[in-house]
Colleague: 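Below you will find the structure I want to go over with you.
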Amino acid sequence: MSFESARLTELKNQGLLRELKLRNRYLLNFSTNDYLNLSSHQLVKKRAIEAVKNWGAGAGGSRLMAGNLSLHEELERKLAELTGMGSALIFGSGFLTNLGVLTALAGGDDVIFSDRLNHASLVDGAIMSRAEVRRYRHCDVEHLADLVRSSGSSGKKIIVTDSVFSMDGDIAPLLDIYELAVSEGCLLVVDEAHAVGVFGSGGGVCRSLSIQPDVITGTLSKALGGYGGFASCSASLRSFFVNRSRSFVYTTGLPPSSIGAALGALELINSSSNMGETLLTNAALFRERLNKMGFDTCGSASQIIPVIAGDSSNAVSFSEYLEEAGILAVAIRPPTVPEGSARLRFSLTMSHSNQDTDKVISAMEEIKWK
Ligand SMILES: Cc1ncc(COP(=O)(O)O)c(C=O)c1O
């Protein structure tokens with residue numbers, strides 16, 4: 001048996017095999033990150049089409065060669081404004097942003113302090129940077145402070161955290177982390193992938209708290225409904241990333257269609273700043289109903305609402321049950337989440353009506369008694 005077949009069989013036996021699925025019937029989608037339902041919005045599609053008509057299908061090269069369009073720079077100015085930071089730089093995706101930012105900021109003499117539940121792109125960026133990586137207990141600022149203060153490193157100290165955690169939907173204690181970073185002279189990088197467009201009138205959690213970390217990373221692929229990533233920071237850090245982020249330097253600029261779509265999404269977010277608020281209110285009501293039924297939704301305080309199922313086979317059978325009832329809520333299993341905490345991950349979006357959430361609640365009532 002080939003090495004890959006043996007490994008795949010092992011994963012299957014553990015209930016951890018992942019497969020790409022094409023679903024050929026209509027399902028109520030509670031697994032999408034298209035939080036504001038903008039991916040199919042007329043204006044977003046129109047701006048993407050206009051950008052292709054005016055600029056073509058591709059950027060034609062890396063931004064540092066011949067691929068830098070005024071469209072890129074227009075979007076960067078608007079992203080900086082949205083997040084309340086001085087400048088912004090677009091990357092190929094949110095994943096590539098985190099790799100580019102961390103590998104540029106940190107090196108062999110530095111230490112990265114990383115929340116245990118940070119997204120894989122932050123984990124990989126930290127490893128690739130060759131810095132020493134110290135992981136602190138999830139959202140535990142005391143543990144973080146202990147690690148920072150006991151570190152003997154003479155290099156840079158860099159604290160890295162998601163703002164909204166992608167699998168738990170809870171929010172990092174950013175005010176305390178920010179104060180610690182300032183008092184201990186640490187750099188602070190906050191990944192706002194799930195918060196931009198939703199929190200802080202669309203600008204993210206940092207903007208809602210009026211704090212400016214050194215770098216905010218984000219994505220154009222979730223609430224903004226398209227594709228791409230960005231880092232918001234000072235003008236000098238932007239220049240530094242243009243020079244030192246390998247995932248920026250050695251790759252083609254984002255295509256005009258993606259930039260046009262993101263500009264359209266920003267127009268909508270800026271013109272109706274309560275979209276995110278409405279979504280969070282709806283999510284709180286949905287979460288409350290699940291809690292009343294006895295489901296554990298971790299510390300969710302956002303549009304991402306997990307329901308803990310325990311072992312992987314439970315999570316998969318809950319998900320299959322919901323799919324039969326016409327609802328898509330994907331099972332999330334280790335290694336994406338810690339062992340023993342497999343779950344259904346619901347994400348509320350602006351496309352969901354009261355009828356849709358009622359349908360999920362009825363199906364969950366059935367699951368409860370299974
Ligand atoms: C917290 C977080 N950061 C970064 C990313 C990567 O973003 P993208 O999908 O744009 O690569 C994701 C999701 O995929 C995420 O959940």
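All ligand and atom numbering here is 1-based and tracks the order in the structure. Starting from 1, each residue takes its place in the sequence as its number.
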Colleague: Run the side-chain contact (heavy atoms from CB on, under 4.5 Å) test against Asp170 and tell me which residues pass, sequence neighbours left out.
Modeller: His138, Cys139, Phe165, Asp168
Colleague: Would you mind listing each N/O atom of ligand 1 next to any protein N/O under 3.5 Å, plus the distance?
Modeller:
unit_1, atom_1, unit_2, atom_2, d
ligand 1, 3 (N), Asp191, OD2, 2.6
ligand 1, 10 (O), Gly94, N, 2.8
ligand 1, 10 (O), Thr219, OG1, 2.6
ligand 1, 10 (O), Ser221, OG, 3.1
ligand 1, 11 (O), Gly94, N, 3.2
ligand 1, 11 (O), Phe95, N, 2.9
ligand 1, 14 (O), Lys222, NZ, 2.9
ligand 1, 16 (O), His194, NE2, 2.6

Colleague: Do Phe346 and Phe286 have their ring centres less than 6.0 Å from each other?
Modeller: yes
Colleague: Answer yes or no: does atom CZ of Arg244 have more than 12 heavy-atom neighbours from other residues, nucleotides or ligands under 6.0 Å?
Modeller: no
Colleague: Looking at every heavy atom in both Asn33 and His194, which two are closest together, and how far apart are they?
Modeller: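 In this case the closest contact between Asn33 and His194 is OD1-CE1, 4.1 Å.
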Colleague: I'd like to know if the side chain of Asn270 and the backbone of Leu266 have a donor-acceptor N/O pair within less than 3.5 Å.
Modeller: yes
Colleague: Please check if any side-chain donor atom of Asp191 sits under 3.5 Å from a side-chain acceptor atom of Asn118, or the reverse.
Modeller: no
